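Shown next, in structure tokens, is the structure this report addresses.
Lettering of chains follows the sequences in order, A, B, ..., and the numbering in each one begins at 1. Values in this document were obtained by computation on a predicted structure and should not be read as measured data. These numbers come from the heavy atoms of this one structure, side chains and all, not from hydrogens, waters or symmetry mates.
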Amino acid sequence: MTAPRVRFAPSPTGSLHVGGARTALYNWLFARRHGGTFILRIEDTDVERSRRELTDQILHAMRWLGLAWDEGPFFQSERQELYREAADRLLAGGKAYRAFETPEELDAMKKAAEASGSAFRYDGRARSISQEESDRRAAAGEKFVLRLRVPDETLVVDDVVQGKTEFPAGALDDFVLVRSDGHPLYHFTVCVDDVAMGITHVIRGVDHLPNAPKHVALFRALSAPAPVFAHLGMILGPDGKKLSKRHGAAGVEEFEAQGYLPEALDNFLALLGWSPGNDRERMSLAEMVALFSLERLGPSPSRFDHEKLAWMNGQYLQEIPAERLVDLLKPFGVPDCGADVLLRAIHLHLSRARTLAELARSLSIYGADAVRYDEAGLKKWGKPEVAPLVRELAGRLTATAPFAHAGLEEAARALAAEKGLKLGELAQPARLALTGVLASPPLFEMIEVLGRETTRRRLLAFADRIADPAANRIATPAAGSPAVPSGGS
RNA sequence: GCCGCGUUCGUCUAGCGGUUAGGACGCCGCCCUCUCAAGGCGGAGAUCACGGGUUCAAAUCCCGUACGCGGUACCA
């Protein structure tokens, strides 16, 4: 294949959502796979809805995903001359014509069509206006739109993904290319730009498939070969409806904010509609580049499964060196515990987190002492008779030297044996005392990292806390409220 | 309404005429174990939407139907 040229052409009317991200990813993969060029084009012809900050947000998301573009970003709002020239050329060549109907007249035609139960299609009545009359009326200042003279024949869209689809003559009307205020419209700018940029392959969502015959007609009018089309199935929400905020995160920046890794999102998204053919799932961008092909894209819509994304993110998380994790964690807040403790803590907690946000949350116990205890945990292990046990454990652990997990565990086991208890009956209250919750990394390894003083302090505080049933009742009045006595009597 | 596209375990998918329909997420169980994960092992889960064809043989090819999704602008 000669080096392909592809483009990702988002419209800055919203942030980059995962559907767009996946489209961008496929375009990027395809370009990289074949040594082609990936172009970024911002389709901001709709001046009312386009916003500059959204463009910046899209650019940021693209970079974050690791999808670097080779050319651009080009802004359609800055390419008006190009469209004007093309419009003039089309008009001069008889490929397009002026139509002078007012919006009100068009509305009436639409209503009439509706009333008779048929779909509205502009009937092309302005086609018959002579060149001279058209020029005269335009010169006289009469408002007009530019319409494409759509050929009266079957238009074929040969799509790599969806197959060959035919649009019979008459399925399309002479659609508008340029508004009466002079603004060029989407279909027109897309095709003019695709021709100008030498686009060879158009990879986009199936929602654009109905537009494809229009584009085929336009490319022909522009005397340019049509690019190869590849229309991707939609990405739907878990309920099969169009993906939206209602389904949780849908914008790339939201996933970033929730602590997802770009490589995980890329990998997950790539698998929504594409598979390398074997049972391969975990792939880096580089590996995907080597494996990617348009022929292996699937036509059907897919649903966005947050669970699988979370799993995949956890997989990627575990492969990241702790040193790098420290940097990635910063936006989510890291405890003030010193670099050494932090690194060791990360090793302990990493396999239990699926996102950076989760990891950061679990790491918070290496900072300030836990201020609240899990309700259920308190109910099960917070009985007054446990207090002396916890105090004794605190004493034994504090006396252990060196303060390392093997010796600490040995000390705890010895105490449990003396009391005729199972280790868990000692470990669970201790875990609750140290972390506030009942699920954590191996207790003694945590204790080692937490250190002698912190361990002792938290264990004793917990013992004091549960020793007095009255205080206990006051301290845990209802679910969700802080487990610390809030002053007073 | 009209036009277009789609339809394999709950979900993402492999499969491109002959398979015990494979993998992954999730779920269940076991191992590990001080808890929770991770990891290892095992399991349940798909009459391949339905109905007709074509063929010795169909998840795979063809035609209908149903359902879903998309489009139907002087939006993109």
Which part of the nucleic acid does A/N211 contact within heavy-atom distance under 4.0 Å: base, sugar-phosphate only, or nothing?
base
Would you classify A/P10 as touching base, sugar-phosphate or nothing, given that sugar-phosphate means primed atoms plus P, OP1 and OP2, and contacts are heavy atoms under 4.0 Å?
nothing
For B/rC32, what is the paired nucleotide under Watson-Crick or G-U wobble rules, both distances under 3.5 Å?
none
Under 4.0 Å, counting only non-hydrogen atoms across every strand here, what does A/L309 touch: a base, just sugar-phosphate, or nothing?
nothing
Is A/R125 positioned over the aromatic face of A/F100, cation under 6.0 angstrom from the ring centre and no more than 45 degrees off axis?
no
Ignoring the backbone of A/L272, work out which of B/rG4, B/rG22, B/rC12 is nearest its side chain.
B/rC12
With a non-hydrogen cut-off below 4.0 angstrom, is A/R282 in contact with a base, only sugar-phosphate, or nothing?
nothing
Are A/E43 and A/R41 close enough for a salt bridge, meaning some N to O gap below 4.0 Å?
yes
Which of these nucleotides, B/rU11, B/rG70, B/rA76, is closest to any side-chain atom of A/E43?
B/rA76
Please tell me which of the listed nucleotides, B/rA76, B/rU35, B/rC69, lies nearest to the side chain of A/R49?
B/rA76
Tell me what A/Q318 touches on the nucleic acid: a base, only sugar-phosphate, or nothing, going by heavy atoms under 4.0 Å.
sugar-phosphate
Listed nucleotide nearest any side-chain atom of A/S275, set B/rA14, B/rC34, B/rC12
B/rA14
Minimum-distance nucleotide to A/A439 side chain [options: B/rA38, B/rG70, B/rC36]:
B/rC36
Counting only side-chain heavy atoms from C-beta out, which of B/rC69, B/rA76, B/rA14 sits nearest to A/R296?
B/rA14
Can A/Y186 and A/D46 be counted as having a side-chain donor-acceptor contact under 3.5 angstrom?
no
Side-chain donor/acceptor of A/D279 to base of B/rG22, under 3.5 Å:
yes
Once you apply a heavy-atom cut-off of 4.0 Å, does A/S440 come out as touching a base, just sugar-phosphate, or nothing?
base
Is the base of B/rC12 touched by the side chain of A/S302 through a donor-acceptor pair closer than 3.5 angstrom?
no
Taking the cut-offs as 6.0 angstrom to the six-membered ring centre and 45 degrees off its axis, would you call A/R465 and A/Y373 a cation-pi pair?
no
Report yes if a donor N or O on one partner sits less than 3.5 Å from an acceptor N or O on the other, where the partners are the side chain of A/E281 and the base of B/rG23; otherwise report no.
yes
Quiz item: A/S351 side-chain donor-acceptor pair to B/rA37 base, under 3.5 Å
yes
Anything under 30° is parallel, anything over 60° is perpendicular, the rest tilted; go ahead and classify A/Y260 against A/F255.
perpendicular
With both distances under 3.5 Å as the test, what is the Watson-Crick or G-U wobble partner of B/rG4?
B/rC69
Per atom distances to the A/R431 side chain, the nearest of B/rC5, B/rU35, B/rA76 is B/rU35
Nearest to the A/L209 side chain among B/rA76, B/rG39, B/rC5, which nucleotide is it?
B/rC5
For B/rU65 versus B/rC2, give the span between their P atoms, rounded off to a whole number of Å.
11 Å
is_close_aromatic(A/F175, A/F188), centroid dist under 6.0 Å
no
For B/rG64, which nucleotide in any strand shown is its Watson-Crick or wobble partner with both distances under 3.5 Å?
B/rC50
Regarding the side chain of A/Q162, the nearest nucleotide among B/rC5, B/rG4, B/rC34 is B/rC5
Would you indicate what A/K110 reaches in the nucleic acid, counting non-hydrogen atoms under 4.0 angstrom: base, sugar-phosphate, or nothing?
sugar-phosphate
Identify whether any heavy atom of A/V145 sits under 4.0 Å from a base atom; if not, whether one sits that close to sugar-phosphate; answer base, sugar-phosphate or nothing.
base
With both distances under 3.5 Å as the test, what is the Watson-Crick or G-U wobble partner of B/rC56?
B/rG18
What does A/E307 touch in the nucleic acid at a heavy-atom separation under 4.0 angstrom: a base, only the sugar-phosphate, or nothing?
sugar-phosphate
B/rC75 phosphate, OP1 or OP2: any side-chain N/O from A/R179 under 4.0 angstrom?
yes
